[in-house]
Amino acid sequence: MNQKSKYEENSIEISLKGIDQRILFGYNSLNLKEIELAFPVKIVARGEKLKVYGETLELFKIRDLFQILIRQVKQEGEVPEHFFENLIRNTRGETPLKSINEDDRVLVKPNRDVIKPRSSGQTAYLKAIWENDLVFVIGPAGTGKTYLAVACAIRKLKAREIERIILVRPAVEAGESLGFLPGDMKEKVDPYLRPLYDALYEMLAADKMEKLLFHNTIEVAPLAYMRGRSLNNSFIILDEAQNTTSGQMKMLLTRLGFGSQAVITGDITQIDLPNHKDSGLLQVQNILKGISGIQFVYLDQADVVRHKLVQDIIQAYDKFGKNNRNSTDGD
């Protein structure tokens, strides 16, 4: 039996009634072509229906894939590139499609864009935040570690579940040696805290943001400023935690007060400490493992939602690092 007749024996129909096909299909039907490249199926558009030919197991996957795509078009009126690419990856992978809860909107930004999970890893990350008082998320750049944590904090602040948001970063790697920099203390540390400000300004109207900062409802500060404080009814985010020492990590975690929650984010492949083994984020994985109310979440290249090249860059660096280690081991 040839491939064509085999496909014709196995097919499904997908209704496109009420759907803007230009958005669903993409420019020049590029989305359909990408799906055909990613899966052993043939897709034929006929009026308000799609006919998909392929093996039964593949057809189940494609049916679920189009259900999510159609819902995206209905709700958002667009299919962003990163959304489409992550959907293809998750459909091809072992993670069940139903674990990606695209309806779990975290926040609506002032420009009406919606912040929500874009991968199964991000969905697991958000679930951990909703269910635990202390969450560690470890993964490469571009996986939304800090961005989603800030969105969750703002959501909780708006719902009055917390009274304050505390955003913390180690300044000038882990040493916090700021003396040689020009300007007063604020001018010295602001460049290191800028990514946190950027996330906040994306999610809040400028006037609202300034007011919250002025009243210290939202505080952005270097890690050294946390020493000796007790933070009650707060959502605390420690960013770039791979550059904290073990002592600094313990100091920050013991600031957690009544009614507070903390999210610790970091990338253990980008440790700037002189001795990588001193990283508090590396050590804390063994120290706090298995404690109820604390969860560790690990993201990887599949969760990257930046430019599509970022994934390839991360993969190339991982490969380079492994090759170097193997070369060293062989010496």
Side-chain angles (χ1 to χ4, degrees), residues 106 117 121-157 161-162 164-171 173-176 192-193 195-196 199-200 218-227 229-273 276-300 303:
V106 183
Q122 289 190 350
T123 301
Y125 175 30
L126 289 173
K127 187 173 185 290
I129 291 176
W130 303 142
E131 295 178 355
N132 297 273
D133 286 336
L134 179 56
V135 174
F136 294 84
V137 56
I138 298 170
T143 49
K145 303 183 298 295
T146 306
Y147 193 76
L148 288 174
V150 172
C152 290
I154 292 174
R155 172 171 163 168
K156 284 177 173 280
L157 184 66
E161 295 176 30
I162 55 166
R164 302 181 65 201
I165 297 173
I166 314 290
L167 305 175
V168 186
R169 258 193 171 202
E173 289 81 41
E176 297 176 345
Y192 300 96
L193 305 175
L196 299 174
L200 288 168
I218 295 179
E219 181 181 350
V220 184
L223 179 59
Y225 282 26
M226 295 300 106
R227 204 172 296 277
R229 299 176 63 180
S230 182
L231 305 172
N232 297 317
N233 302 313
S234 302
F235 194 111
I236 305 148
I237 300 171
L238 171 59
D239 194 34
E240 297 288 327
Q242 74 274 6
N243 289 329
T244 62
T245 63
S246 183
Q248 289 170 331
M249 177 66 77
K250 180 182 177 183
M251 179 272 289
L252 188 281
L253 295 179
T254 53
R255 301 307 95 205
L256 204 61
F258 294 109
S260 289
Q261 179 177 8
V263 176
I264 314 299
T265 78
D267 178 1
I268 56 177
T269 69
Q270 297 194 45
I271 298 172
D272 295 319
L273 293 166
H276 284 203
K277 293 180 181 178
D278 290 337
S279 170
L281 187 59
L282 281 179
Q283 295 177 8
V284 78
Q285 295 174 77
N286 293 320
I287 296 171
L288 301 184
K289 184 170 63 177
I291 298 179
S292 178
I294 300 176
Q295 186 168 339
F296 288 85
V297 177
Y298 297 89
L299 304 178
D300 57 28
D303 302 300

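Counting begins at 1 with the first residue of the sequence. The model shown is predicted, which means the values in this text are computed figures rather than measured ones.
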Worksheet item: Does the Gln242 side chain pair with the main chain of Asp267, one donor and one acceptor, at a distance under 3.5 Å?
Response: yes
Response to the item:
Smallest heavy-atom separation, Pro222 atom then Val168 atom, equals C-CG1, 4.0 Å
Worksheet entry | Heavy-atom closest pair, residues Ser260 and Asn232 | OG-C, 3.2 Å
Worksheet entry | Gln285 versus Gln283, side-chain donor and acceptor atoms under 3.5 Å | no
Fill in: For Leu223, the option from Glu240, Gln248, Arg169 that meets side-chain contact (heavy atoms from CB on, under 4.5 Å)
Gln248
Worksheet item: Just wondering, do Tyr225 and Ile166 contact through their side chains at under 4.5 Å, heavy atoms?
Response: no
Practice prompt. Nearest 0.5 Å please: distance from the CZ atom of Phe296 over to the CG atom of Leu134.
Written response: 7.5 Å
Worksheet item: Quick check: does any side chain N or O of Asp133 sit under 3.5 Å from a backbone N or O of Gly293, one acting as donor and the other as acceptor?
Response: no
Worksheet item: Considering all heavy atoms of both residues, which atom of Asn132 and which atom of Gln261 are nearest to each other, and what is their separation?
Response: O-NE2, 3.0 Å
Worksheet, complete the sentence: To the nearest 0.5 Å, atom CD1 of Ile162 lies from atom CD1 of Ile154 at 9.5 Å
Item to complete: Report the distance from atom CZ of Phe235 to atom CD1 of Ile129, rounding to the nearest 0.5 Å.
Response: 5.0 Å
Discussion item. How long is the straight-line distance from CG of Leu231 back to CG of Leu256, given to the nearest 0.5 Å?
Written reply: 8.0 Å
Practice prompt. Measure from the side-chain N and O atoms of Thr123 to the backbone N and O of Pro117, and report whether any donor-acceptor pair falls under 3.5 Å.
Written response: no
Discussion item. So, taking the atom named NZ in Lys156 and the one named OG in Ser234, what distance separates them when rounded to the nearest 0.5 Å?
Written reply: 12.5 Å
Fill in: Side-chain donor or acceptor of Tyr147 paired with backbone N/O of Ala199 under 3.5 Å
no
Response to the item:
Closest heavy-atom pair, Met249 versus Ala241, reported as atoms and distance to 0.1 Å, is CE-CB, 4.0 Å
Worksheet entry | Closest contact, heavy atoms only, Val135 versus Ala128 | CG2-O, 3.4 Å
Discussion item. Keeping Lys250 on the side-chain end and Val284 on the backbone end, is there a donor-acceptor pair under 3.5 Å?
Written reply: no
Worksheet item: So do the side chains of Leu288 and Phe136 get within less than 4.5 Å of each other, counting heavy atoms only?
Response: yes
Discussion item. Whether the side chain of Glu219 engages the backbone of Arg164 through a donor-acceptor N/O pair (distance < 3.5 Å, no angle test) should be reported.
Written reply: no
Worksheet item: Between atom CG of Asp278 and atom NE2 of His276, what is the distance when rounded to the nearest 0.5 Å?
Response: 10.0 Å
Worksheet entry | Nearest heavy atoms of Met226 and Leu252, plus distance in Å | CG-CD2, 3.8 Å
